[in-house]
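What you see below is based on every heavy atom in this structure, not just the backbone, and it leaves out hydrogens, waters and symmetry mates.
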Amino acid sequence: MRAFFFGLIHIVMSFCPVTCGARAYYWAGKKTGARMTLSGKTAIITGSNSGIGLGVAQTLAQAGANVVLNSFTDRPEDHALAARIAKEYNIQARYIQADMSRGEDCRALIQKAGACDILVNNAGVQHVAAIEDFPPEKWDAIIAINLSSSFHTIAAALPMMRSAGWGRVINIASAHGLTASPYKVAYVAAKHGIVGLSKTVGLETAEDPITCNAICPGYVLTPLVEAQIPDTMKEYGMDRETVIKEVMLARQPSREFATTGQVGETAVFLCSDAAAQITGTTISIDGGWTAL
Ligand code: NAD
């Protein structure tokens, strides 16, 4: 009787114009790879000449956004990277040098870009040491680049978003914005700060068509993570493979690194209409780390 009842519902749904239309749309999207377009939007991604920032910039460009790349360097290869992305995705791309450890540079980046519909605060650095040995200048640099820079860029970008009538602020936090690890005192403090900043800006823009959220990745194999491996090997007295398996991915129950593309696709989702009511919160991409 139960099987008959559910079978009947299945047949009715197959012929219902609403469910049928929704399913056709879903499969058309799947088959054709059709996706939302961010055409005409300008996305500024801080710290985007490498790693996650570059991956997010490429994914936003693939979704049609014009992108502004950034880092503190001003090398020919930085500008060549922007030119390559412009050509590959048929969008406009520029590289603007700005040092995210300096508040005035952060604000100047937004002003020089001239428009900012999507702001991705991604620039970040790391240092691994016990608190007693943690160099104060490393503390200052991590708090400035990983936290204070977002305060400055958001303050400069919100008036542009308000006058454009639409905006998305996406802060790249970390699983370390929700939980801690030893020897990363400045990074954990800065990332918890970014989560708090995202909640506050989410509230301050709640009545505008603007959202502000933090993406919290677990480990993603990028130059930043590569650079931590030698220090972590020293702290734990382990070889490279053991540090990757037993220290880094030990906290990530999937035992797999997340990818820059997965972070980029999450950013594209946060720019979609489907995410218009998601604000002041976090999205984890951590293979189950923060479920533990
Ligand atoms: P990465 O070292 O590859 O990239 C960092 C980027 O920031 C680079 O483009 C670098 O040039 C830029 N940058 C550094 N100092 C800067 C400054 N003063 N001004 C402007 N740009 C500066 O590292 P990543 O792993 O891609 O990290 C990117 C972000 O993702 C960071 O905020 C990091 O905390 C976060 N994150 C990374 C992981 C991971 O496992 N890789 C996990 C969670 C969160």
Side-chain angles (χ1 to χ4, degrees), residues 35-36 38 41 43-48 52-53 55-57 59-60 63 65 110 116-124 143 145-162 164-181 184 187-220 251-254 258-292:
R35 48 182 306 162
M36 67 173 298
L38 295 175
K41 306 282 190 212
I44 303 176
I45 306 100
T46 71
S48 45
I52 292 174
V56 170
T59 318
L60 289 170
I110 307 298
C116 183
D117 304 297
I118 300 162
L119 170 63
V120 183
N121 286 307
N122 168 79
I143 297 298
I145 297 166
N146 296 21
L147 176 58
S148 302
S149 64
S150 302
F151 158 70
H152 293 292
T153 54
I154 294 170
L158 279 186
M160 289 181 183
M161 293 180 179
R162 285 205 169 99
W166 189 92
R168 294 287 187 268
V169 179
I170 300 167
N171 299 316
I172 306 300
S174 167
H176 282 119
L178 303 168
T179 183
S181 294
K184 295 185 177 177
Y187 188 84
V188 170
K191 294 300 184 181
H192 275 68
I194 276 289
V195 170
L197 177 81
S198 306
K199 289 180 184 178
T200 306
V201 174
L203 290 178
E204 290 187 18
T205 55
E207 292 185 22
D208 301 306
I210 296 169
T211 67
C212 176
N213 294 289
I215 296 179
C216 295
Y219 276 107
V220 184
R251 305 274 307 268
Q252 204 144 305
S254 64
T259 68
T260 59
Q262 288 162 352
V263 180
E265 291 291 350
T266 304
V268 168
F269 166 67
L270 285 172
C271 293
S272 71
D273 287 343
Q277 287 299 314
I278 300 176
T279 197
T281 192
T282 59
I283 297 187
S284 292
I285 311 175
D286 65 6
W289 177 339
T290 46
L292 282 173

How would you list, by chain and number, every residue that makes a side-chain contact (heavy atoms from CB on, under 4.5 Å) with [X], sequence neighbours excluded?
{"X": "I283", "result": "T266, L270"}
{"X": "A274", "result": "F269, S272"}
{"X": "A157", "result": "I110, C116, L119, M161"}
{"X": "A190", "result": "I142, I143, N146, L147"}

Which value, rounded to the nearest 0.5 Å, describes the distance between [X] atom [atom1] and [Y] atom [atom2]?
{"X": "N122", "Y": "I45", "atom1": "CG", "atom2": "CD1", "result": "8.5 Å"}
{"X": "H176", "Y": "I194", "atom1": "NE2", "atom2": "CD1", "result": "15.5 Å"}
{"X": "I118", "Y": "R168", "atom1": "CD1", "atom2": "CZ", "result": "8.5 Å"}

Would you name the heavy atoms of [X] and [Y] that are closest together and state the gap between them?
{"X": "P253", "Y": "G287", "result": "CD-O, 3.2 Å"}
{"X": "K184", "Y": "Y219", "result": "NZ-OH, 2.7 Å"}
{"X": "A164", "Y": "D117", "result": "CB-OD1, 4.0 Å"}
{"X": "L178", "Y": "C216", "result": "CD1-SG, 3.9 Å"}

Keeping to residues at least two apart or across chains, list the side chain to side chain donor-acceptor pair (under 3.5 Å) pairs with something in [range].
{"range": "residues 197-206", "answer": "N171-S198"}
{"range": "residues 148-157", "answer": "R107-H152, N121-T153"}
{"range": "residues 275-289", "answer": "D286-T290"}

Going by heavy atoms in the side chains, are [X] and [Y] under 4.5 Å from each other?
{"X": "I172", "Y": "V120", "value": "yes"}
{"X": "C271", "Y": "L60", "value": "yes"}
{"X": "T179", "Y": "L292", "value": "no"}

Q: Using modelled atom types only, decide if a donor and an acceptor are shared between the side chain of Q262 and the backbone of I285 within a distance under 3.5 Å.
A: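 Pair absent, no side-chain N/O of Q262 close to backbone of I285.
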Q | Donor-acceptor pair, side chain of N213 and main chain of I170, under 3.5 angstrom | A |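 Side chain of N213 to backbone of I170, a donor-acceptor pair under 3.5 Å: no, none is there.
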Q: Not counting sequence neighbours, list each pair that qualifies as a salt bridge (charged side-chain N to carboxylate O under 4.0 Å, His left out) and has a residue in residues 207-220.
A: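 Residue pairs with at least one partner in residues 207-220: R162-D208.
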